Amino acid sequence: MPICVRICSELDSIYAYRAAVTINFMLMIIAYAVLMRIIMAFQKEKKVSYAALISGIAILYPSWLYYSRSTMTEILVMSMYIVICMLMSQYLEKGKKKVLIALILSLVYIYTVHMRTIRIVIAACITLTVQMVTYWKQSKKTQVLLIIIFGIGLFLTATQLKTYITGNIYTDNAQQMITYNDYSGQISKIKGIFSLTGIRNLMISFVCKVWYLGLASFGLFYWGIAFCVKRLKEHKKLIYLFILLATAGEIAVTAIYTTGIGSRIDGLTYGRYNEQILPVLMALGCMAVMQSTKVVKPSVMISGLQLPLLVLILYLIRRYDQTNIHAYMILGISYLFNDQTFEPLSYHITAYVLSVILMAVVIMILRIGQKKSLPILLAIIMTMELLLGMRLAAIFSENTQMANFRDIQLINIVEQQQEEHNRLVYVQEGDRSFADYLQFRLRDAQIELLYDDSELTDDDLIVTDYLYSGIEKLKIKYANWKILGHLAVFYN
């Protein structure tokens, strides 16, 4: 992965983006193969076709199809979590030291990718502690303790390295954002939990996240949880404990983090930070549905239990007059989102109704597929997921693609004019800034950031955003100008 990142950093920005998306799809292919191996290990009959189709349904989760088009860390975190589940399962089953070392390295790496994955590390530590205390002999405990001590040292080293890298890469403004998202930014939220109001808010936040995960996964999230609980009780296999702990920890971390997003509707159901746990649980949920003798009653109960949570969400939106939403943070219920006609209450009601319909279709197909025509029927679910993923792309990406293309056209003009001007200046107004777009495309260019256009000279090459209040004045001062996409350029 570092080699891939290095290659991307040497490429033109557009090719770097394409390379990043290619890496995302490669990671999804790897995640599919690993998840298939996990499902094979959890099966009694070891049916390859069965595992292949179930894994396909899990990996083609619509939100993942959308994230695969971005350069966010979601696909990497999801893939690493699946790999960690496989390594944990193998180690708990066979106890090989080399597998434990690979597991520790994977845990350290996933934590350096994103801080929120600390709950996976904690879940792994608890699971390994239970295993060591309950099952192992003293001689083996000593060996494992030495490896764990090595892992702790590696973890602390990686943390320091991460701090050093972010400190040298990010600007002061970006550092403020990092601080807000880092542990220091969560201290006040954690302190607030230790009160009656704080406990109430945390519980509301937690159950709303559970509501989202259920709807977004076509109900398979709940079936997957039930599968893990049942298997843990019957077989006493600690891999199911790990999955349950990682799931609970993930939702808890997100619930704490989003207690500070009171003005945003998506703060209630915030899904993006939780969705990396879904592929494993959706695959297990498929197994649970296909193995269950009763599916109608549990499905009706799931739909019924989600209804009062919907009422709670509608009540909170109404009470606090919430209107702001970042719908791309809750993609799993945003298939009918329209920012032009958005209305918070109807949005959540239609999301609930559509999700219940999709859940009924998926459960019915899985149930029928257990008896006959398994490949064809499960392919219908995967086709549905592909169409939903395309729908998300149409809603959240395609509307901005033309504007982004025009940005590139304008930046090409800037690149051509650079050598003929003394300096390249970006004029910023308020907190609106597209200077990062400019720098990403012109990696080696030195861009001077100004907040006052009185400091501009006739020899400057000026870029600003299309909403800048002084555009008309700049049109008069400079002979050449053009406005495309989000940007405007001025020069003599």
Side-chain angles (χ1 to χ4, degrees), residues 21 24-25 27-28 31 57-79 81 114 116 205 208-221 224 247 250-251 254-255 257-258 261 264-282 285 306 309-310 313 317 322 324-344 346-359 361-362 381-401:
V21 171
N24 278 344
F25 281 108
L27 288 170
M28 290 181 74
I57 291 171
I59 296 299
L60 291 178
Y61 171 61
S63 294
W64 290 124
L65 296 176
Y66 179 80
Y67 290 137
S68 68
R69 295 158 51 100
S70 78
T71 55
M72 294 190 292
T73 61
E74 310 311 311
I75 297 297
L76 176 56
V77 172
M78 178 270 288
S79 302
Y81 175 62
H114 204 296
R116 71 176 186 262
S205 184
C208 287
K209 307 300 183 289
V210 172
W211 181 83
Y212 170 84
L213 291 170
L215 292 184
S217 65
F218 320 120
L220 295 175
F221 168 77
T247 301
E250 174 65 28
I251 299 171
T254 307
Y257 173 75
T258 53
I261 317 182
R264 276 170 43 187
I265 294 170
D266 56 288
L268 284 169
T269 54
Y270 199 91
R272 186 168 73 89
Y273 279 9
N274 292 328
E275 286 177 310
Q276 68 259 29
I277 62 176
L278 281 183
V280 172
L281 286 171
M282 286 179 69
Q306 286 176 320
L309 292 178
L310 171 64
I313 291 168
I317 292 171
Q322 293 177 316
N324 182 25
I325 186 170
H326 292 183
Y328 49 85
M329 298 298 184
I330 46 176
L331 290 171
I333 58 172
S334 295
Y335 304 119
L336 299 178
F337 176 73
N338 186 331
D339 59 351
Q340 301 300 319
T341 60
F342 173 71
E343 196 284 315
S346 61
Y347 164 82
H348 283 86
I349 292 170
T350 54
Y352 169 77
V353 172
L354 177 62
S355 296
V356 169
I357 293 171
L358 292 174
M359 180 182 73
V361 171
V362 169
I381 298 177
M382 288 185 269
T383 303
M384 180 191 79
E385 290 179 308
L386 286 169
L387 293 173
L388 291 173
M390 292 168 63
R391 170 66 180 166
L392 291 176
I395 295 171
F396 296 104
S397 295
E398 291 178 6
N399 291 338
T400 61
Q401 283 177 347

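These numbers come from the heavy atoms of this one structure, side chains and all, not from hydrogens, waters or symmetry mates. Predicted, not measured: the structure shown is a model, and the values here were computed from it.
Taking each heavy atom of A31 and M78 in turn, the nearest pair found is CB-SD, 4.1 Å. Nearest heavy atom pair, residue T269 against residue C208, reads CG2-O, 3.8 Å. Taking each heavy atom of Y81 and Q276 in turn, the nearest pair found is CD2-O, 3.4 Å. Taking every heavy atom of both residues into account, W211 and I313 meet most closely at CE3-CD1, 3.5 Å. The minimum heavy-atom distance between L278 and S217, with the atom names listed, is CD2-CB, 4.1 Å. Scanning all heavy atoms of the two residues, the minimum distance from I57 to E385 falls at O-OE2, 2.8 Å.
Heavy-atom contacts from other residues, nucleotides or ligands closer than 6.0 Å to CE of M382 number more than 12.
Side-chain contact between L281 and L213 is absent, with no heavy atoms from C-beta onward closer than 4.5 Å. With a 4.5 Å cut-off on side-chain heavy atoms, F337 and I325 count as touching. Between S355 and I333, some side-chain heavy-atom pair lies under the 4.5 Å cut-off. Side-chain contact between M384 and F218 is present, with at least one heavy-atom pair separated by less than 4.5 Å. Here the side chains of L268 and I317 are in contact, with some heavy-atom distance below 4.5 Å. Within the 4.5 Å cutoff, the side chain of F25 has no heavy atoms near those of the I75 side chain.
The closest donor-acceptor contact from the side chain of Y347 to the backbone of F342 lies at 3.5 Å or more, if one exists at all. Formation of a donor-acceptor pair under 3.5 Å by the R264 side chain with backbone atoms of N324 is not found in this model. Judged by distance alone, the side chain of D266 and the main-chain N or O of A327 form no donor-acceptor pair under 3.5 Å. Checking side-chain atoms of S397 against main-chain N and O of A394 turns up no donor-acceptor pair under 3.5 Å. Of the possible donor and acceptor atoms, none in the side chain of K209 sits under 3.5 Å from a partner among the backbone N and O of A255.
Under the 30°/60° scheme for interplanar angles, the aromatic rings of F396 and Y328 are found to stand perpendicular. Between W64 and Y61, the angle of the ring planes goes over 60°, which puts this pair in the perpendicular group of the 30/60° scheme.
Of the inter-residue distances, the one linking M282 atom CE with I277 atom CD1 reads 12.0 Å to the nearest 0.5 angstrom. In this structure, L65 CG and L387 CG are separated by 10.5 Å, a value rounded to the nearest 0.5 Å. Here OH of Y66 is found 11.5 Å from CD of E74. Values are rounded to the nearest 0.5 Å. To the nearest 0.5 angstrom, T254 atom OG1 is 11.5 Å from M329 atom CE. Once rounded to the nearest 0.5 Å, the distance linking OG of S334 with CG of D339 reads 11.5 Å. Here the OG-CD1 distance, from S68 to I59, works out to 11.5 Å after rounding to the nearest 0.5 Å.
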Can you list the steps and then say if I265 with H348 is a side chain to side chain contact (heavy atoms under 4.5 Å, CB included)? CA-CA 10 Å; I265 294 170; H348 283 86; 3.3 Å; yes

Give the intermediate values and the outcome of side chain to side chain contact (heavy atoms under 4.5 Å, CB included) for residues T247 and I251. CA-CA 6 Å; T247 301; I251 299 171; 4.1 Å; yes

Do V210 and F221 pass the side chain to side chain contact (heavy atoms under 4.5 Å, CB included) test, and can you show the C-alpha distance, the side-chain angles, and the key distance before you say yes or no? CA-CA 9 Å; V210 172; F221 168 77; 4.1 Å; yes

Apply side chain to side chain contact (heavy atoms under 4.5 Å, CB included) to the pair L358 and L388, showing each step before the final yes or no. CA-CA 11 Å; L358 292 174; L388 291 173; 4.1 Å; yes

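Note on R116 versus E275: no salt bridge recorded, every NZ/NE/NH1/NH2 to OD/OE distance being 4.0 Å or above.
You'll find the ring centres of Y270 and Y212 outside the 6.0 Å limit.
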